[in-house]
There are 2 protein chains.
Amino acid sequence: MTETSPPASSGQTRAPNIRDVAREAGVSYQTVSRVINGSPSIRDATRQKVLEAIDELGYRPNQAARALVTSRSRVIGVLLSDARSYGPSSTLQSIEEAARAKGYFVSTATIGLPDLPSIRSALDHLIRQNVDGLVVIAPQTRVFDVIQQLSPELPLVTLEASGRLDGHTIAIDQEQGARLATRHLIELGHTEIEHLAGPQDWIEAQTRMDGFLAEIRDNDLGTRPPILGDWTADFGYYAGTQMLGRLDFTAVFAANDQMALGLVHAFRDAGLDVPGDVSVVGFDDVPGARHFWPPLTTIRQRYELLGARCVDMLLGEIEGDEQRYHERIGAELVVRGSTAAPPPHDPERAFRRFG
Amino acid sequence: MTETSPPASSGQTRAPNIRDVAREAGVSYQTVSRVINGSPSIRDATRQKVLEAIDELGYRPNQAARALVTSRSRVIGVLLSDARSYGPSSTLQSIEEAARAKGYFVSTATIGLPDLPSIRSALDHLIRQNVDGLVVIAPQTRVFDVIQQLSPELPLVTLEASGRLDGHTIAIDQEQGARLATRHLIELGHTEIEHLAGPQDWIEAQTRMDGFLAEIRDNDLGTRPPILGDWTADFGYYAGTQMLGRLDFTAVFAANDQMALGLVHAFRDAGLDVPGDVSVVGFDDVPGARHFWPPLTTIRQRYELLGARCVDMLLGEIEGDEQRYHERIGAELVVRGSTAAPPPHDPERAFRRFG
DNA sequence: CCACTGGATGTGACCGTACACATCCGGCCG
DNA sequence: CGGCCGGATGTGTACGGTCACATCCAGTGG
């Protein structure tokens, strides 16, 4: 070995660590650590020196080292059943923004198929990462069974109202929203109202249906069994074509905007006028809903609020807040062009042929 | 100290580590490490013992410790400008699925406002987390300047076609898609075609516009300046009302489905028939586009493919693959009800009043 | 004047893993 | 039969922080 010069900073120079900063600032590494973590007992002059050294060296605390010793990763896991739809993706974004503001990272996992192995795999992936807490936007009921089994201690916030769970829960008030939609139709004079519900392993689909049924009952109208759909516009269209066979209703409350869209499409294809012949209400207020034809009456949800509250709650739980509570965010009715008073009574209506 | 009994497993028992597994299996911790990392020189019998011990204790390797010593976090950062729209959120989901399949985690950061501080803050957040690589779905051109400045070495895949960048790039072929849309209109017999473009700090908006202009030029049609929009349906509606003043066109190619939706709304409000009087093409094929009225002719993108390829490419780069290359995924024309042959020539048309 | 107090700072140990290197052992060849 | 080789396994060390505890020092009251 003929090399005599000190190890030249050739190419890949190691990132500065806390001791480099300490040396630069002329203090001990512990003092640097205190500055980083905002300890109160540091003299201003010292803090200043350290901050300058940090800036000088471009120092960034190593998250891995930190996580190793504190056994806190500062990562929040978000379990999604579908990241593409408007609701979940809006919520995810607002969670991410809120978490970042608090210095937390957000890691996502999507459940592909709604079967047990997929749920387990997604959840396992998050747990492997040592997430500090979990937000569940995958409102299939069985998800919670898997969580209970796989990691019952993990701080958890679920975004759907479910009475079955004792964890923290926050939700847009789906039931109230569904009641608003239904009441709107009733107030317009409708008495024969159908409900096109979402898949029943989704808690929010259940809750919207519950709200619908409750409002119907409260107004002493006859109940009719809801149609169970799958959230897609394609299903809405299909359901619409089927419903034309027995035209014994004057309004439909669809559990989301997509299904409402397909429904309207089917009705129009059959020569029915919306809202002249049939009124339709959706749920979500997706962007563009006001430009549908006709502009869709629907229920608007406040996703920004949802994410922020949700993170607050989860961080509270992570930091050992033991109280369990539920919280609800109100939904709002947006009246547009797809609803109107029912057509004048026509006893033949149900027997006429459309299409 | 009067305590003589061994530390009882009272309440919060520490998670098992690699040495616990080693003890259980009767081997050294290094052997356990080898099994975990799939080293070839392990006897099957030994491997079996270790795997059983892992299973027995419910052992999970500690990511933080691993990241600390390898200086690899196994986290991929995704920088999004907007997680709510259909395109980005679909891409995000497919990236997440592909990454998970390879054992990587995905952490997201959304850029709030498109100003420099916001971009910097989002990027900084990801870098703090020691992400191994970065996927950028925020196609504003200025984002790349910030990346260059903040962390020029970070493996990077960008999802938009930009000639300015020497990093790996993958993209749905926006230009080809735009050409498909434009050619479709030309083949139907249209010669007076408008383009409602996206905001020009989005690379994909630029590329779609380039494709449109190129196709117009190739067919020796007269160019007209595109209208610059902001992606929203509201803007589409507004643009539509403006365009009605000078009805000197028979078709519009909108840079996304949302704007197309608003456009159609405005035309219909004014008493124009789509496609009878004006043809409209969108871009994206959002869910529901086939149930718009009229069902929207548009360009479909293959997001699933995009995410998978993107992760492949990024992991290649992370593992030291130096070749820089671009890749394109073809887009596809979906013909529905919003396009038709132009109306018979009518010299008065531009002067008639609609609305 | 000295022990005491409490704020500011420094020292040692440890978190759980992977890497480099050392060791062990059986079989093979000269 | 001994040395050598290579596959299988074990041992020391470093990664970059934080925590518990030790130390130092100035101000204070008895």
Side-chain angles (χ1 to χ4, degrees), chain A residues 7 12-51 53-54 57-75 103 105 127-130 132 319, chain B residues 1 7 12-51 53-54 57-75 103 127-130 132 319:
Chain A
Q12 196 77 342
T13 164
R14 158 179 80 68
N17 65 23
I18 199 170
R19 288 162 212 263
D20 297 329
V21 176
R23 200 176 315 118
E24 175 84 11
V27 297
S28 78
Y29 54 81
Q30 176 59 28
T31 301
V32 177
S33 173
R34 287 200 181 93
V35 170
I36 294 170
N37 293 297
S39 160
S41 53
I42 292 280
R43 268 196 319 202
D44 277 349
T46 313
R47 189 195 319 280
Q48 208 51 44
K49 271 193 304 183
V50 171
L51 289 177
I54 287 177
L57 272 57
Y59 166 74
R60 289 186 222 274
N62 182 314
Q63 285 298 329
R66 213 174 212 189
L68 178 59
V69 69
T70 58
S71 53
R72 292 263 310 270
S73 62
R74 299 189 78 78
V75 173
F105 306 98
I127 292 173
R128 265 195 216 302
Q129 205 182 0
N130 291 322
D132 287 344
E319 273 137 33
Chain B
M1 179 91 61
Q12 194 76 342
T13 164
R14 159 180 78 68
N17 63 24
I18 199 170
R19 287 165 212 263
D20 296 329
V21 176
R23 199 175 316 116
E24 175 83 13
V27 297
S28 78
Y29 55 83
Q30 177 58 28
T31 301
V32 176
S33 173
R34 288 198 180 94
V35 170
I36 294 169
N37 293 296
S39 160
S41 53
I42 292 280
R43 269 197 317 205
D44 277 350
T46 312
R47 188 193 321 278
Q48 208 52 42
K49 271 193 304 184
V50 171
L51 289 177
I54 287 177
L57 270 58
Y59 165 74
R60 288 184 221 272
N62 182 315
Q63 284 298 328
R66 214 173 211 192
L68 177 58
V69 68
T70 58
S71 54
R72 293 261 311 267
S73 62
R74 300 190 77 80
V75 173
I127 292 173
R128 263 194 218 302
Q129 205 182 359
N130 292 323
D132 287 344
E319 274 138 30

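Residue numbers begin at 1 in each chain, while the letters A, B, ... track the order of the sequences. The figures that follow rest on heavy atoms only: side chains count, while hydrogens, waters and symmetry mates do not. In this text, all values refer to a predicted model and were calculated from it rather than measured experimentally.
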Residue pair [X] / [Y]: nearest heavy atoms and the distance that separates them:
X	Y	result
A/Ala15	A/Asp20	O-OD2, 4.3 Å
B/Lys49	B/Val27	NZ-CG1, 4.1 Å
A/Tyr29	A/Ile18	O-CD1, 3.7 Å

Nearest heavy atom decides the nucleotide; on that basis, is B/Ser41 or B/Ala65 closer to the 5' end of DNA chain D?
B/Ser41
Under 3.5 Å donor-acceptor, [X] side chain and [Y] backbone:
X	Y	result
A/Asn62	A/Ala64	yes
B/Arg47	B/Ile42	yes
B/Arg74	B/Gly103	yes

Once you round it to whole Å, what is the distance between [atom2] of [N] and [atom1] of [X]?
X	N	atom1	atom2	value
A/Arg128	C/dT17	CZ	C1'	16 Å
A/Arg14	D/dA14	CZ	P	13 Å
A/Lys49	C/dA8	NZ	C1'	12 Å
B/Leu68	D/dC15	CG	C1'	4 Å
B/Arg47	D/dA8	CZ	P	9 Å
A/Arg60	D/dC15	CZ	P	20 Å
A/Asn130	C/dT17	CG	C1'	13 Å
A/Asp20	D/dC15	CG	C1'	13 Å

Does OP1 or OP2 of C/dG16 have a side-chain N or O of B/Asn62 closer than 4.0 Å?
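Answer is no, no contact under 4.0 Å.
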B/Val75 and A/Gln129, any side-chain heavy atoms less than 4.5 Å apart:
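The answer is yes; the side chains approach within 4.5 Å.
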Can you check nucleotides 18-22 of chain D for protein contacts, nitrogen or oxygen pairs under 3.5 Å, and list what you find?
from: D/dT18; atom 1: OP1; to: A/Asn37; atom 2: ND2; distance (Å): 3.0
from: D/dT18; atom 1: OP1; to: A/Arg66; atom 2: NE; distance (Å): 3.1
from: D/dT18; atom 1: OP2; to: A/Ser33; atom 2: OG; distance (Å): 2.6
from: D/dC19; atom 1: N4; to: A/Gln30; atom 2: OE1; distance (Å): 2.8

Which part of the nucleic acid, if any, lies within reach of B/Thr46 when heavy atoms closer than 4.0 Å are counted: base, sugar-phosphate only, or nothing?
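Contact class for B/Thr46: sugar-phosphate only.
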